[in-house]
Student: 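Quick one: the structure is below, and I'll ask about it shortly.
Here the structure is a predicted model, which means the values were calculated and not measured.
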Amino acid sequence: MFVFSFKANKPKLIIVLCVVICVLIAGTLALSGRKKPVANDGAINYKAKTASDCISFLSQFGWTVNEEPVEVREVIIPSEFNDTYEAYNVIQKNQGLDLEPYKGFRAKKWIFEVKNYPDYPADSGYIRATLLVYDGAVIGGDISSIEQNGFIQGFEFPNSNMNATVPSSSQAAGQ
C-alpha cells in the first residue's frame with residue numbers, strides 16, 4: 001500500500017484547483033462541439049427531438065411522409081468506417097453534414113415512408129426517408145428506395161438536373 005501526503009499550503013492548493021478547473025472546462029468544450037450537427041447552411045432547422053420535428057425537417061426539402069415512423073431505434077455509428085460508410089458519408093458531406101465527428105456515438109435512427117417521390121404512387125411503400133439524430137439534431141440521413149437495385153440519395157428533392165444516385169448497397173450505413 002502506498003501513502004501519499006503533502007503539506008497543503010494555500011498557493012499549492014490554488015494552483016491545483018486552477019489546473020483541475022481548466023482541464024474540466026477544456027473537456028466540456030471539446031465534447032459540446034460534437035453535439036451540434038456539422039452543417040454549412042444556417043437556413044435549415046436541424047431540430048429532431050420528436051417525430052413531428054423529423055417530419056418538419058423533411059418538409060423543408062419538399063418531402064411528404066407518413067406521420068407514423070416505420071421504425072425508430074438506436075444505432076451506433078462505427079468507430080472505424082468501412083467502404084460502405086465512407087460512401088454513405090460522401091452523401092452526408094454533399095448535403096452539408098458529416099458523420100466523422102460522431103464515430104462511436106449512439107444515435108437515434110428514424111425511418112419514415114415517403115409519399116411524394118416523383119414517379120412513385122403515394123402508397124407504394126418503396127421510398128423511405130432515414131434520419132440519424134444525435135442529441136435532438138439531425139446529423140445525417142438519406143432518401144432511398146427499398147426495391148431491389150434501388151437507390152440512395154441526400155435529402156434534396158429530385159429534379160431533372162439531379163446527379164445519379166448511389167446504389168442501395170450503401171444503405172447499410174446506420175444499421
Student: Around atom OH of Y126, are there more than 12 heavy atoms from other residues, nucleotides or ligands closer than 6.0 Å?
Tutor: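 No - once you tally the heavy atoms of other residues, nucleotides and ligands closer than 6.0 Å, there are 12 at most.
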Student: Hey, does D135 have a side-chain heavy atom less than 4.5 Å from the side chain of Y102?
Tutor: no
Student: Checking Y120 now: which residues fulfil side chain to side chain donor-acceptor pair (under 3.5 Å) with it, not counting sequence neighbours?
Tutor: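 Residues passing side chain to side chain donor-acceptor pair (under 3.5 Å) with Y120: E147.
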Student: Step by step, work out the ring pair (Phe, Tyr, Trp, His ring centres under 6.0 Å) result for F157 and F61.
Tutor: CA-CA 6 Å; F157 201 88; F61 298 92; over 10 Å; no
Student: At what distance, to the nearest 0.5 angstrom, does CD1 of I146 lie from CD1 of I152?
Tutor: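 Rounded to the nearest 0.5 Å, the CD1-CD1 separation comes out at 13.0 Å.
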Student: List the atom of L131, the atom of C54, and the distance in Å for their closest heavy-atom pair.
Tutor: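 Scanning both residues completely, I find the closest heavy atoms to be CD1-CB, 3.4 Å.
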Student: Under the salt bridge (Lys or Arg N to Asp or Glu O under 4.0 Å) rule, collect the residues that match up with E74, sequence neighbours excluded.
Tutor: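 E74: salt bridge (Lys or Arg N to Asp or Glu O under 4.0 Å) contacts with R106.
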Student: What's the shortest heavy-atom distance between T130 and K109, and which atoms?
Tutor: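 Closest heavy-atom pair between T130 and K109: CG2-CE, 3.7 Å.
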Student: Which residues pass the side-chain contact (heavy atoms from CB on, under 4.5 Å) test with E71, not counting sequence neighbours?
Tutor: R73, I111
Student: Checking N82 side chain against Y85 main chain: does a donor-acceptor pair fall under 3.5 Å?
Tutor: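 Side chain of N82 to backbone of Y85, a donor-acceptor pair under 3.5 Å: yes, one is there.
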Student: As a quick check of understanding, evaluate side-chain hydrogen bond (donor to acceptor under 3.5 Å, both in side chains) for Q153 and E156, giving each step before the final call.
Tutor: CA-CA 8 Å; Q153 67 176 59; E156 185 176 330; over 6 Å; no
Student: Search all heavy atoms of T64 against all heavy atoms of N116 and return the closest pair with its distance.
Tutor: N-OD1, 2.9 Å
Student: Quick check: does any side chain N or O of E113 sit under 3.5 Å from a backbone N or O of V70, one acting as donor and the other as acceptor?
Tutor: no
Student: Indicate yes or no: at least one non-hydrogen side-chain atom of Q92 is less than 4.5 angstrom from one of D98.
Tutor: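 Answer no - side chains too far apart.
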Student: Anything under 30° is parallel, anything over 60° is perpendicular, the rest tilted; go ahead and classify Y46 against F57.
Tutor: tilted
Student: Taking the side chain as every heavy atom from C-beta outward, state whether V75 and L132 have any pair of such atoms under 4.5 Å apart.
Tutor: yes
Student: Ignoring hydrogens, what is the shortest heavy-atom contact between G125 and R128? Give both atom names and the distance.
Tutor: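 Minimum heavy-atom separation between G125 and R128: O-NH2, 3.4 Å.
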Student: Measure the spacing between CG of D142 and CG of L97 and express it to the nearest 0.5 Å.
Tutor: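 If I round to the nearest 0.5 Å, the distance is 11.5 Å.
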Student: Of all the heavy-atom pairs spanning G104 and S79, show the shortest one and how long it is.
Tutor: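 Minimum heavy-atom contact is CA-OG, 3.7 Å.
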Student: Tell me the closest heavy-atom pair linking I77 and I139, and the distance in Å.
Tutor: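 It is CD1-CD1, 3.7 Å.
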Student: Could you check whether the rings of F112 and W110 sit parallel, tilted or perpendicular, using 30° and 60° as the cut-offs?
Tutor: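 Because their plane-to-plane angle is under 30°, the rings of F112 and W110 count as parallel.
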Student: Check the pair Y117 / W63 against ring pair (Phe, Tyr, Trp, His ring centres under 6.0 Å), numbers first and verdict last.
Tutor: CA-CA 8 Å; Y117 198 91; W63 298 112; 5.6 Å; yes
Student: Given 3.5 Å as the limit, does a donor-acceptor pair link the side chain of S59 with the main chain of G62, or not?
Tutor: no
Student: Is a side-chain donor or acceptor of N89 paired with a backbone partner of L99 at a separation under 3.5 angstrom?
Tutor: yes
Student: Honestly, is K103 close enough over F81, meaning NZ or CZ under 6.0 Å from the six-membered ring centre and within 45° of the axis?
Tutor: yes
